[in-house]
There are 2 protein chains.
Amino acid sequence: MINTISIAVCDDHTLFRKSLQIALNSFSRINYCIDSSNGQELLDEFERGAVPCIALVDLKMPVMDGYQTIKCIKSKFPAIKTIAMSSFDNEFSIKKTFKSGADAFISKNDNLEDIYGAIIDLADNGIHINKWANINLSNDILIDCLTPKEKEVLKLLCRDLSYHQIADEMYISIKTVDRHRDEIFKKLKVQSRTSLVIFALTNGIF
Amino acid sequence: MINTISIAVCDDHTLFRKSLQIALNSFSRINYCIDSSNGQELLDEFERGAVPCIALVDLKMPVMDGYQTIKCIKSKFPAIKTIAMSSFDNEFSIKKTFKSGADAFISKNDNLEDIYGAIIDLADNGIHINKWANINLSNDILIDCLTPKEKEVLKLLCRDLSYHQIADEMYISIKTVDRHRDEIFKKLKVQSRTSLVIFALTNGIF
DNA sequence: AAAAAAATGGGGATTAAGCCTCAGTTAAAT
DNA sequence: ATTTAACTGAGGCTTAATCCCCATTTTTTT
C-alpha cells in the first residue's frame, strides 16, 4: 500500500478537467495530478515518463476516444489503473468500458466521493467493485447484438447516407444494405433512421 | 465593490458541479458557493433566501434548461448576475444565451481563469466583455432565421414524427407541414431530416 | 396605406424509405 | 461433418419523404 497516489485526468473540457484536478488535489492522499485534453496527449505524457498510479479517462473525446485510450494504456502501461468517466451511464457504455480493460466506471452524475472511493480502492487493493458493474452486463443489449456489417451500416445510416451511397461505400448491393437495415431496426426496435440517429447520438454510440 | 463574492453553480453533472465548486472556493475572493442540479432547484434555493451575487448556469439541463433558468432569474432576481456555461460554443447557443438575458457566456473548453475573470468583472463592474461576444452575433445564422412555426415543425421533425403526426399535433394540413419543412431545409441547407437531427443534437439546439 | 413576411394549403411528380418473403453462399462454431 | 449464424441479393409492394409549382389569407412592418 502506497500512501501518496498520483493521478492523471484526461478530458477535453478544460473547465471540467481543471476543476476536477483541483478537487482531487484537495484529498490528502492524492499528491499530484497531471492532466491532458485527449488520449494521444495523455499517452505522450506517459512516454515522457510522467506515469501516474491511476488514470481518469473521459470516454467521449476528440482525436482518440476513451475506449481506445484505455486499451492503449493497458497494453503499453499495464501497471496504471484506469477509471472511465462518462456522461452516458447506459449499459452499452459500461459494457464497452469494461471490455476495453478499464478497472472502474464512474458516471459524471456520481459524487466526488464515489470517484475518490474508486481511486482509493484501486490504489490500495488494485480492484474496485463497481456500483455500475452489476447493471446486468450478462445479457446482450442493443448495439451489442449487431453483427459487424450491421454496425457498419448503422454508422453510415447515422451519417445520413442513402442506401445507394451506403451500397457504393461497402461494395454490396442496395438490397443487401436494405436487409441489414431491416435487421438493425428489428434488433434495436425502431422504425426509422431518425430514431436511430437520436438513439446513437443521445447514447454516445459514435 | 464587494470583496467577498458568493456564487451558485447549477449543472446536472454532479462530478462537474462539485469539482467546480471546490475549484472556485480555492479563489480567495469567493467566500462561498452553493450548488444545485437543475434550474428549478436553483430558483427554489433563491426563494428560500440563499441569494448569491453570481449564478453559473449550465445550458443543457433536465427539468428546466439554462436559457429558461436565466430568464427566470433575471425577472425574479434581477440583482443576480448570470453566467451561462455550455459545451456547445457555437453562434446559435451564444446568441440565444444573450437573448435570455445572461451577463456572460463561458465555454466548457475555457480555462478556470476565464470563468474567474468573468466573475470578478461582473462583481466589480457589473459587466464583462465576453471573448465570445464578438463572434458575429450581428448576422442571422441557422436556426435563428426560422419563423416560430418553422421552429415548431423542426422540433417535431427531430422527434421523429411523420408529417401526418405533425399536422395533427399542430392542427394544420400535411401540405402546410410540408411547406414549412421545405423552408427549413432551404434555410438550414440540408436535404433530409436525418441531417436535421444530427445538426440539432450535435449543436444542442433542443 | 402599402409592402413585406408569415402562414396556409392545393396539385402533382419523383425518389427514397420501409417492410416482407424467399434463397443461395460463406464462414464459424460444435 | 453438420448445424448455426452471417452475408449476400432478388422481386415486389406500400407508404412516406422530398421537391417543385402555385395561390390565398393573415400578420407585421414600414
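In this text the structure is predicted, and so the values were computed from the model without any measurement. Within every chain, numbering begins at 1; the chains are lettered A, B, ... in the order of the sequence lines, protein sequences first and strands thereafter.
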Residue [X], side-chain heavy atoms: nucleotide from [options] that is nearest:
X        : options               : answer
A:Gln191 : C:dC19, D:dC20, D:dT8 : C:dC19
A:Lys149 : C:dA7, C:dG18, D:dC7  : D:dC7
A:Thr147 : D:dC7, D:dA17, C:dA17 : D:dC7
B:Ser173 : C:dT8, C:dG10, C:dA6  : C:dG10
A:Thr176 : C:dG18, D:dA16, D:dG9 : D:dG9
B:Ile172 : C:dG9, D:dT8, C:dG18  : C:dG9

> Is there a donor and acceptor pair, one atom on the side chain of A:Asp178 and one on the base of C:dC19, closer than 3.5 Å?
Replying inline: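 A donor-acceptor contact between them is present.
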Does [N] have OP1 or OP2 sitting under 4.0 Å from an N or O in the side chain of [X]?
X        : N      : result
B:His180 : C:dA7  : no
B:Tyr163 : D:dT18 : yes
A:Arg193 : C:dA17 : yes

d([atom1], [X]; [atom2], [N]) in whole Å:
X        : N      : atom1 : atom2 : result
B:Leu156 : D:dA17 : CG    : C1'   : 16 Å
A:Glu150 : D:dT8  : CD    : P     : 10 Å
B:Asp182 : D:dT18 : CG    : P     : 10 Å
B:Glu183 : C:dA7  : CD    : P     : 10 Å
B:Arg181 : C:dG9  : CZ    : C1'   : 14 Å
A:Leu154 : C:dA17 : CG    : C1'   : 16 Å
B:Leu196 : D:dA16 : CG    : P     : 20 Å
B:Met170 : C:dA7  : CE    : C1'   : 10 Å

> For DNA chain D, whose closest nucleotide is more 5', that of A:Lys175 or that of A:Arg179?
Replying inline: A:Arg179
>> Looking at B:Lys71 and B:Asp65, is there a salt bridge between them, counting it only when a charged N and a carboxylate O are closer than 4.0 Å?
In response: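 Salt bridge between B:Asp65 and B:Lys71, a charged N being under 4.0 Å from a carboxylate O: no.
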> Quick one: do A:Lys108 and A:Asp58 make a salt bridge, cutoff under 4.0 Å?
Replying inline: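 Between A:Asp58 and A:Lys108 there is a salt bridge, with a charged N closer than 4.0 Å to a carboxylate O.
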>> Please compare A:His164 and B:Pro148 by the position of their nearest nucleotide in DNA chain C and report the one closer to 5'.
In response: B:Pro148
> Parallel, tilted or perpendicular: which describes the rings of A:Phe46 and A:Phe77, with under 30° parallel and over 60° perpendicular?
Replying inline: perpendicular
> Are a donor atom and an acceptor atom from the side chains of A:Ser192 and B:Asp160 found within less than 3.5 Å of each other?
Replying inline: yes
>> Given the ring of B:Tyr163, does B:Arg193 sit roughly above its face, with NZ or CZ under 6.0 Å from the centre of the six-membered ring and within 45° of the axis?
In response: yes
